[in-house]
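Atoms within each ligand, like the ligands themselves, are counted from 1 in listed order. Here, residue 1 is the first one in the sequence, and each next residue gets the next number.
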Amino acid sequence: MYQYVIHGGKPLVGEVAISGAKNAAVAILPAALLVNGVCRIENVPQISDVTLVLEILQELGADVRSVNSNTVEICCSHIHNFRVPDSLSRRMRASYYFIGSLLSRFGKAEVSMPGGCDLGVRPIDLHIKGFRALGAQVNVQGGFVYATAPGGKLTGATVYMDQVSVGATMNVMMAAVLADGLTVIENAAKEPHVVDLANFLNSMGADIMGAGTDVIKIRGVEKLRGGTYSIIPDQIEAGTYMAAVASAGGNVLIRNVIPKHLDCITAKLAEMGVQVEEEGDCVRVMRTGKLHRTNIKTMPYPGFPTDMQAQMSAVLCTAEGTSTIDEGIWDNRFRYVDEFKRMGARIQVSGKLAVIEGVPYLTGAPLRACDLRAGAAMVIAGLAAHGTTTIECIHYIERGYENLVGKLKGIGADIELVDAKEPVSLRDSQVG
Ligand code: EPU
């Protein structure tokens with residue numbers, strides 16, 4: 001088993017380029033099922049969740065060709081299987097997108113209930129409600145979702161989302177693009193990846209308006225044609241590097257970003273005494289002075305993203321004063337707190353609220369990642385800490401960060417991927 005070994009306490013300096021957005025890629029790749037012809041998709045991040053989506057596409061009968069490390073061509077003309085097995089589906093939350101895409105194009109889908117990071121209860125009732133509104137028959141039995149479209153085609157309808165849901169908004173969008181007539185999604189999610197999926201589908205011939213607002217209108221079309229599309233940069237990967245610089249200190253140019261998507265993160269870092277400057281499609285992040293306390297509440301976009309909550313918590317562990325983090329999306333997203341406490345952090349959690357009392361520094365410790373973003377937050381804590389931090393269960397982190405070790409080394413971090421059987425150097429572990 002591999003682990004990360006981080007010798008912390010070194011400021012980060014240099015440039016890092018951001019990869020394509022995970023949560024856009026895991027929707028756009030299944031959406032290739034909707035297209036007649038070849039989809040060439042660029043800026044695809046090399047992460048394990050993407051590998052899994054491509055494996056599922058191949059299992060269904062798609063031709064998948066890697067053009068280079070970040071470009072794939074997908075042709076779904078010979079789909080012969082409409083079932084996503086449990087062994088693949090349970091490894092990833094985004095497998096739910098195969099329900100919407102298979103149902104829309106082929107009129108039937110059998111998908112094992114999706115897995116994903118344990119962040120509390122993660123139902124898909126809103127997805128199912130949307131499919132049913134479009135005329136699908138949906139049964140959940142023996143851990144599988146069975147969905148069929150009577151007559152092989154769905155019919156447009158108005159779908160009101162009782163709660164803002166990224167996954168349900170994108171899934172219903174996919175289901176609606178080939179349906180008869182108009183679908184209106186009310187109380188839709190507005191995240192950048194919702195807009196990216198709509199842009200991808202429109203570039204292949206779909207008729208979607210309003211993505212990025214509360215109301216999305218989708219007029220069904222006969223078919224989509226092949227084409228080329230490039231995925232947007234990852235808001236959360238960029239935010240993670242911004243938080244790393246805030247925590248460890250230094251001066252880093254973060255390239256290939258859409259600064260607008262980072263506004264909420266930039267605003268919070270500025271409150272904490274971190275300088276963030278926009279330079280075209282880059283942001284420069286600088287921190288030399290002390291970190292100040294702040295309060296954060298996670299909310300749907302354009303609010304502060306829940307997927308940056310743990311990383312900001314890592315930064316706030318060493319900010320002067322007492323900060324609060326209010327988790328507004330998931331029931332159970334503070335499981336990393338006990339790991340931070342091993343490093344000397346002072347955090348009290350009560351339900352969905354964490355109160356963080358800043359300490360002068362964290363001390364390196366052996367840690368275990370418990371989900372993707374928590375794992376990234378542990379890396380950030382380790383980069384700033386005095387001494388050596390080891391992080392196990394890095395497969396969680398590899399689900400969503402392309403070449404994390406290489407990119408961090410490129411900006412001066414002392415981080416290695418090592419085989420856990422080898423003894424870990426404790427050269428710095430007694431510092432502080
Ligand atoms: N919800 C329902 N019913 C549903 C769907 C959602 O009650 O049918 C609730 C959830 O329980 C949650 C809230 O609605 O309380 C929002 O969930 P949402 O559907 O927006 O989340 P998701 O689609 O399952 C995506 C991202 C998550 C990210 C959330 C929120 C993907 C593959 N995952 O999940 O990303 O936290 O949106 O922004 O897009 C991550 O990347 O680390 C990650 C967990």
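The closest approach between a heavy atom of Ala168 and any atom of ligand 1 is not below 4.0 Å. Ligand 1 has no atom lying under 4.0 Å from any heavy atom of Tyr301. Note on ligand 1: Met92 sits outside its first shell, no heavy atom being nearer than 4.0 Å. The closest approach between Val164 and ligand 1 falls below 4.0 Å for a heavy atom of the residue. Distances shorter than 4.0 angstrom occur between a heavy atom of Arg333 and an atom of ligand 1.
Evaluated by nearest non-hydrogen atom to atom 30 (C) of ligand 1, the leading choice among Asn171, Thr306, Asp331, Thr298 is Thr306. Among Gln309, Glu237, Arg93, the residue whose heavy atom lies closest to atom 24 (O) of ligand 1 is Arg93.
In this structure, Phe200 and Tyr229 have perpendicular ring planes: the angle between them is above 60°, well past the 30° mark. Note: Phe82 and Phe106 have tilted aromatic rings, judged against thresholds of 30 and 60 degrees for the angle between ring planes.
Looking at Glu191 next to ligand 1, no N or O pair under 3.5 Å apart turns up. Considering backbone and side-chain N/O of Val26, none are found under 3.5 Å from N/O of ligand 1. Residue-to-ligand polar distances place Lys22 within reach of ligand 1: an N/O pair is separated by less than 3.5 Å. At a 3.5 angstrom cut-off on N or O pairs, Gly167 counts as close to ligand 1.
Near His127, with a cut-off below 4.0 Å to any heavy atom, the atoms of ligand 1 are 8 (O). Counting the atoms of ligand 1 from 1 in the order shown, those under 4.0 Å from a heavy atom of Ile329 are 12 (C), 15 (O), 16 (C).
By the criterion of a heavy-atom distance under 4.0 Å, neither the backbone nor the side chain of Tyr396 is placed next to ligand 1. Neither the backbone nor the side chain of His193 comes within 4.0 Å of ligand 1, counting heavy atoms alone. When non-hydrogen atoms are compared, ligand 1 lies under 4.0 Å from neither the backbone nor the side chain of Arg399.
Contact check on Arg83 versus Glu59 returns no salt bridge, with no Lys/Arg side-chain nitrogen under 4.0 Å from an Asp/Glu carboxylate oxygen.
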